[in-house]
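Everything below concerns the one structure shown next.
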Amino acid sequence: MGFPSLWCKWVERVLSSARSSVLVNGSPTFEFGCSKGIRQGDPLSPFLFLMVMEALSSIFYKAGMEGWFKGIQLPNNGPKISHLFYADDALLLGEWDKENVLSVARCLRIFYLYSGLKINLHKSNLFGMGVEAGEINDMAKVVGCNMDIIPLTYLGIMVGANMNRISNWAPIMEVFDKRLSVWKAKAISIGGDLP
C-alpha cells in the first residue's frame, strides 16, 4: 500500500463521522460536499465553522499521533502543540523540517478533498524562528504561501518581540485604552446619580 493511499484511508477513518449530514432541530441543514453554500452572516455559519475546524483539528491531531507531523513540545514536560484555532484563524506550529512542512501541505490538501473547503494560501504566511529568510522563502514556495519574518502581530499581540522593551507593549496598551474608554463612557456618568 503506497503512502498516498495510506493517507486517504487514514483520513477517511478520521472524517467518517463529519461527512454525514448535520441535523439542527430535526431538519437537515448542511452537508459537507453539497453544491449549495451558506451565505455569509447566516446564523448557522459559526456552528458549521466549528464543525469544519473540528475535522481539520482531527486531521492534524491524527497526523501528530502517527508521527507524520511534529508539533512543538512545550517545556517542563508540557503538552505538544501542533495547531491553535481562534475565530476564523488557524495557527499551525511545528518543528522546522522540510518533511514536516510537506506534511502540513498534505493535511491541508486532504482537508480540501474531503470537505471541499480550500485554505486561501495567498492570505497565509510561513514564519521560521531562528531560520534564515532564504530558507523560509524556499519552504513557503513548497507550500504555496507567503513568507514573513518574526516578530509578527497575531490577534493584536506582538509574537516573538523582545517584551522587555516598553515600545513593544504599545499595541496591547492601545487595545486596553480603547476598551477602557468604551467602558468608561457606558458606566461612568458625568452627573453621577443626580436627577
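In this text the structure is predicted, and so the values were computed from the model without any measurement.
Minimum interatomic distance between R165 and W169 (heavy atoms only, all atoms of both residues): O-CD1, 3.5 Å. When all heavy atoms of S124 and C145 are compared, the closest pair comes out as O-CB, 3.5 Å.
Judged as a side chain to side chain contact (heavy atoms under 4.5 Å, CB included), and not counting sequence neighbours, the contacts of P171 are M158. With sequence neighbours left out, the side chain to side chain contact (heavy atoms under 4.5 Å, CB included) criterion links N137 to K141, M147. For S82, there are no side chain to side chain donor-acceptor pair (under 3.5 Å) partners at least two apart in sequence or on another chain. Not a single side chain to side chain contact (heavy atoms under 4.5 Å, CB included) links D177 to another residue, sequence neighbours left out. Partners of W96 under the side chain to side chain donor-acceptor pair (under 3.5 Å) rule, at least two apart in sequence or in another chain, are E135. With sequence neighbours excluded, no residue forms a salt bridge (charged side-chain N to carboxylate O under 4.0 Å, His left out) with D138. Scored by the side chain to side chain contact (heavy atoms under 4.5 Å, CB included) test, I166 finds no partners at all (sequence neighbours excluded).
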Would F111 and V52 count as a side-chain contact (heavy atoms from CB on, under 4.5 Å) if you check the C-alpha gap in whole Å, the side-chain angles of each, and the deciding distance to 0.1 Å? CA-CA 9 Å; F111 174 70; V52 169; 3.2 Å; yes
Go through it in stages, so that I can follow the logic: the residues are R106 and E99, the test is salt bridge (Lys or Arg N to Asp or Glu O under 4.0 Å), and I'd like the CA-CA distance, side-chain angles, deciding distance and then a yes or no. CA-CA 10 Å; R106 287 181 193 120; E99 193 57 40; 2.9 Å; yes
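Rounded to the nearest 0.5 angstrom, S181 OG and F176 CZ are separated by 13.0 Å. If you take OH on Y61 and CD on E66, they are separated by 10.5 Å, rounding to the nearest 0.5 Å. Note that the OH atom of Y114 and the CD1 atom of I59 stand 9.5 Å from one another [nearest 0.5 Å]. How far CZ of F127 is from CG of D148: 4.0 Å, rounded to the nearest 0.5 Å. In this structure, CG in L108 is found 6.5 Å from CG in L92, a value given to the nearest 0.5 Å. A distance of 9.0 Å separates OG in S103 from CZ in F60, rounded to the nearest 0.5 Å.
Looking at N100, its side chain does come within 3.5 Å of a backbone N or O of E95 through a donor-acceptor pair. S57 contributes no side-chain N or O that, together with a main-chain N or O of M53, makes up a donor-acceptor pair within less than 3.5 Å.
With a 4.5 Å cut-off between side-chain heavy atoms of Ile, Leu, Val, Met, Phe, Trp and Tyr, the cluster of V142 takes in L102.
I149 CD1: 12 or fewer foreign heavy atoms inside a 6.0 Å radius.
Exactly one of L126, D97, V104, V131 qualifies for a side-chain contact (heavy atoms from CB on, under 4.5 Å) with M139. That residue is L126.
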N/O donor-acceptor pairs under 3.5 Å from side chains in residues 73-80, not counting sequence neighbours:
unit_1 : atom_1 : unit_2 : atom_2 : d
Q73    : NE2    : G78    : O      : 2.4

